[in-house]
Q: 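This is the structure I have questions about; it appears just below.
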Number of protein chains: 2
Amino acid sequence: MQKIVPNISVDCVIFGFDFKQLNVLLVERKLQDEKTGETLIDDWTLTGYHIFEDEDFDTAAARILKGLSGLDNIYLEQFYAFGKVSRVDSPKDNIWLKHQHEGFSSRIVTVGYYSLIDNSTVTLQLQERNVKWFSITDLPELGFDHQEILNKALEKLRSKLRSEPIGFELLPEKFTLSQLQKLYEAILGTTYDRRNFRKKVLQMKYIIPLNEKQKAVKHKPAQLFIFSRDVYERTKRERFDFSI
Amino acid sequence: MQKIVPNISVDCVIFGFDFKQLNVLLVERKLQDEKTGETLIDDWTLTGYHIFEDEDFDTAAARILKGLSGLDNIYLEQFYAFGKVSRVDSPKDNIWLKHQHEGFSSRIVTVGYYSLIDNSTVTLQLQERNVKWFSITDLPELGFDHQEILNKALEKLRSKLRSEPIGFELLPEKFTLSQLQKLYEAILGTTYDRRNFRKKVLQMKYIIPLNEKQKAVKHKPAQLFIFSRDVYERTKRERFDFSI
DNA sequence: CCAAAAGTGTTTAGTATACACCCATGA
DNA sequence: TCATGGGTGTATACTAAACACTTTTGG
């Protein structure tokens with residue numbers, strides 16, 4: 001058993017996309033009074049854990065993600081460090097931490113990572129706790145300061161999505177242009193004209209059409225595409241454009 | 001005297017612009033053997049310090065910045081947290097840390113902030129140590145992992161500059177369009193056609209011309225402008241544009 | 001044959017790029 | 001009067017935005 005660093009943790013905001021909405025994976029935090037059976041806490045949190053003494057942030061984030069999703073080699077991006085003195089200090093949080101009695105420090109800073117995964121590949125490692133996907137438009141009450149962390153993750157994800165092709169991490173390897181469009185719409189909270197969106201995307205040489213169509217859909221099957229990071233890296237140009 | 005958190009620090013990358021180049025403020029790290037007089041260490045570092053037990057990251061960054069520049073209310077942006085296990089573990093770093101004997105932890109994580117300041121407003125608080133501006137194109141040897149931290153700061157600054165109007169933080173309140181252009185060129189490492197740059201900038205309603213010109217220049221005096229964050233916030237639009 | 005989503009083209013407005021000459025000031 | 005940087009316009013190519021009908025499939 002490795003020793004943990006008592007005052008530093010990593011929290012993972014795990015995003016998934018189900019072709020309709022952007023979802024986030026949350027873990028239920030539930031605690032009942034042992035004698036009275038009264039519910040002391042019942043809310044949801046992101047997944048996080050303390051880092052180990054000989055562990056980098058990136059490694060800790062990958063470990064936490066794997067523990068929950070079973071997945072390796074997933075897109076993970078460090079987006080912000082949270083260090084407010086009383087970021088975890090509500091009555092509920094204190095009850096919870098006391099109940100855990102793992103020798104955590106009273107002041108914990110946390111480094112936030114978000115991960116992007118293709119929903120369809122995940123089989124949740126349902127440990128003893130309740131784990132569920134929630135649409136970012138319909139979230140339950142969150143424990144600790146996790147609402148704030150999630151808000152920041154979303155803000156950073158949106159900003160990165162606008163300037164880099166990271167959306168593909170949320171899709172299967174082969175995807176349709178409508179799926180890609182819905183992804184952008186779901187994350188950026190907007191809508192695009194289908195013809196204009198297709199025109200724009202089809203100009204991008206790194207979105208490559210396959211000789212293959214969707215199967216088993218009850219409508220006209222769409223063409224499938226793959227994203228080539230390789231072509232992207234070789235052809236990208238940079239712009240400056242703080243909008244008017 | 002407040003108690004420090006032994007394993008968490010904040011490092012500030014202080015950027016300044018002198019109308020020619022982007023500069024960064026560094027502090028000399030020099031150590032001589034007390035007996036032989038031999039120079040054990042002579043390199044430069046960013047400014048950083050441990051956080052106090054009852055201090056937020058933002059507050060610590062502002063404190064560190066003020067300690068060096070004397071300035072308050074400066075643009076500060078948290079850009080990344082560095083947590084590699086042996087990020088501060090070279091022979092030089094160990095000699096230095098031993099010499100400081102302040103009870104720091106052997107594993108220190110650091111949260112990086114960059115600040116943008118108008119060079120002309122700074123009077124360096126020259127404490128007992130040597131503090132100097134260096135052009136980012138002509139840097140000395142950096143101690144600890146500060147080259148890596150600086151690289152990341154630059155990367156994040158460039159990316160933010162491309163999509164948000166933060167460059168004005170590096171200029172005096174009243175500036176000319178040529179100064180603005182040189183700023184973008186210096187940070188993004190490129191050049192722009194003067195006519196096209198002016199056309200683009202003059203369309204931006206939040207860059208407001210004044211009835212005022214440069215004085216005491218030995219060429220045709222340029223018109224002065226101010227940036228209005230207020231107008232910017234009211235008129236900005238968002239785009240999605242991972243370049244082709 | 002119906003429902004559902006795929007696929008397609010044109011027009012107009014706006015933005016990006018390339019490029020060269022005259023102007024105002026201080027020394 | 002010279003050196004220095006300020007200020008300006010046009011043509012062409014490209015990109016963005018608005019907008020409606022037909023096609024393919026499974027049920």
Side-chain angles (χ1 to χ4, degrees), chain A residues 17-21 162-163 165 171-172 174-186 188 190-225 235-244, chain B residues 17-21 162-163 165 171-172 174-186 188 190-225 235-244:
Chain A
F17 181 64
D18 59 8
F19 302 133
K20 294 199 188 70
Q21 300 181 100
R162 265 186 256 279
S163 58
L171 291 172
K174 301 175 183 180
F175 54 86
T176 72
L177 296 192
S178 294
Q179 290 167 349
L180 186 64
Q181 182 176 347
K182 285 209 195 79
L183 187 155
Y184 276 84
E185 292 177 338
L188 300 179
T190 179
T191 56
Y192 299 100
D193 174 83
R194 194 159 78 250
R195 278 168 294 188
N196 291 336
F197 185 89
R198 293 172 71 87
K199 236 179 298 170
K200 176 161 184 160
V201 167
L202 289 171
Q203 285 180 305
M204 300 170 177
K205 299 281 163 44
Y206 49 86
I207 296 180
I208 301 169
L210 301 175
N211 286 325
E212 203 179 334
K213 301 195 172 218
Q214 273 185 315
K215 283 182 187 118
V217 286
K218 60 176 187 181
H219 52 74
K220 182 172 175 177
Q223 185 167 25
L224 294 172
F225 292 78
T235 57
K236 72 178 165 185
R237 290 180 293 151
E238 313 255 313
R239 329 195 148 199
F240 113 79
D241 213 43
F242 48 102
S243 313
I244 303 176
Chain B
F17 181 66
D18 60 8
F19 302 134
K20 293 198 188 69
Q21 301 181 98
R162 265 187 255 281
S163 59
L171 292 171
K174 300 174 184 181
F175 54 87
T176 72
L177 296 192
S178 293
Q179 290 168 348
L180 186 64
Q181 182 177 348
K182 286 209 195 79
L183 186 155
Y184 275 85
E185 292 177 341
L188 300 180
T190 179
T191 57
Y192 300 100
D193 175 83
R194 194 159 79 251
R195 279 169 293 190
N196 293 335
F197 185 88
R198 295 173 69 87
K199 236 180 296 171
K200 177 162 184 159
V201 167
L202 289 171
Q203 286 179 306
M204 299 171 177
K205 298 285 164 41
Y206 49 86
I207 296 181
I208 301 169
L210 301 174
N211 285 325
E212 204 179 334
K213 300 194 173 216
Q214 272 184 315
K215 283 181 187 120
V217 285
K218 62 176 187 185
H219 52 75
K220 181 172 175 179
Q223 185 168 24
L224 295 172
F225 292 78
T235 57
K236 71 178 165 184
R237 290 179 293 150
E238 314 256 317
R239 326 196 151 199
F240 112 78
D241 214 41
F242 48 102
S243 313
I244 303 177

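None of the values given here were measured: they were computed from a predicted structure. For the numbers below, each heavy atom of this structure counts, side chains included, while hydrogens, waters and symmetry mates do not. In the text below, chain A, chain B and the rest are named by the order of the sequence lines, each starting its count at 1.
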Q: So, does the side chain of B:R195 form a donor-acceptor pair with the base of C:dA16 at under 3.5 Å?
A: no
Q: How many Å lie between CZ on A:F197 and P on C:dT8, as a whole number?
A: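 Interatomic distance, CZ of A:F197 to P of C:dT8: 15 Å.
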Q: Assign each of A:H219 and B:R198 to its nearest nucleotide of DNA chain D by heavy atoms, then name whichever residue's nucleotide is nearer the 5' end.
A: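 Result: B:R198.
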Q: Find the distance A:L202:CG to C:dT8:P and express it as a whole number of Å.
A: 8 Å
Q: Between B:Q203 (CD) and C:dT17 (C1'), how many Å, whole number?
A: 14 Å
Q: B:D241 has an atom CG; how far is it from atom P of D:dT15, in whole Å?
A: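 Value for this atom pair: 10 Å.
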Q: How close do A:D18 and A:K20 get, heavy atom to heavy atom, and via which atoms?
A: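 Shortest heavy-atom contact: OD1-N, 2.9 Å.
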Q: Could you tell me whether A:K200 sits above the aromatic face of A:Y192, with NZ or CZ closer than 6.0 angstrom to the six-membered ring centre and within 45 degrees of the axis?
A: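 Negative - A:K200 is either too far from the ring of A:Y192 or too far off its axis.
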Q: Nearest whole Å is fine: how far is C:dT10 C1' from A:D193 CG?
A: 13 Å
Q: Which residues pass the salt bridge (charged side-chain N to carboxylate O under 4.0 Å, His left out) test with B:R162, sequence neighbours left out?
A: A:E238
Q: May I ask you to evaluate whether B:S178 reaches the phosphate of D:dG5, defined as a side-chain N or O under 4.0 Å from OP1 or OP2?
A: no
Q: Rounded off to whole Å, could you give me the CZ-to-C1' distance for the A:F225 and C:dA6 pair?
A: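 Spelled out: CZ on A:F225 to C1' on C:dA6 is 11 Å.
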Q: Is any N or O donor-acceptor pair between the side chain of A:K199 and the base of C:dT8 shorter than 3.5 Å?
A: no
Q: Is there a side-chain contact between B:Q223 and the phosphate of D:dG6, meaning an N or O under 4.0 Å from OP1 or OP2?
A: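 So the side chain of B:Q223 is outside the cut-off, no N or O lying under 4.0 Å from OP1 or OP2 of D:dG6.
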Q: Would you classify B:Q214 as touching base, sugar-phosphate or nothing, given that sugar-phosphate means primed atoms plus P, OP1 and OP2, and contacts are heavy atoms under 4.0 Å?
A: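 No contact at all - B:Q214 keeps every heavy atom at 4.0 Å or more from the nucleic acid.
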Q: Heavy-atom nearest nucleotide on DNA chain D for A:R194 versus A:P221: which residue maps closer to 5'?
A: A:R194
Q: Starting at CZ of A:R237 and ending at P of C:dT15, how long is that distance when rounded to a whole Å?
A: 18 Å
Q: If you check every side-chain atom of B:A222, which of D:dG7, C:dA24, C:dG9 has the closest atom?
A: D:dG7
Q: Taking 4.0 Å as the cut-off, does a side-chain nitrogen or oxygen of A:K200 come that near to OP1 or OP2 on D:dA16?
A: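 For D:dA16, OP1 or OP2 has a side-chain N or O of A:K200 closer than 4.0 Å.
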Q: Is there a donor N/O on one and an acceptor N/O on the other, under 3.5 Å, for the side chain of B:K215 and the base of C:dT25?
A: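 Not at all, since no donor on one side and acceptor on the other fall under 3.5 Å apart.
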Q: Tell me whether the side-chain N/O atoms of A:K220 come closer than 4.0 Å to OP1 or OP2 in C:dG7.
A: no
Q: Please answer whether the main-chain N or O of A:L210 pairs with a side-chain N or O of A:Q223 as donor and acceptor at a distance below 3.5 Å.
A: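 Yes: the side chain of A:Q223 pairs with the backbone of A:L210.
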Q: So B:F242 and B:F240, would you call those rings parallel, tilted or perpendicular, with 30° and 60° as cut-offs?
A: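 If you compare the ring of B:F242 with that of B:F240, the planes turn out tilted.
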Q: How many Å lie between CZ on A:F175 and P on C:dA5, as a whole number?
A: 20 Å
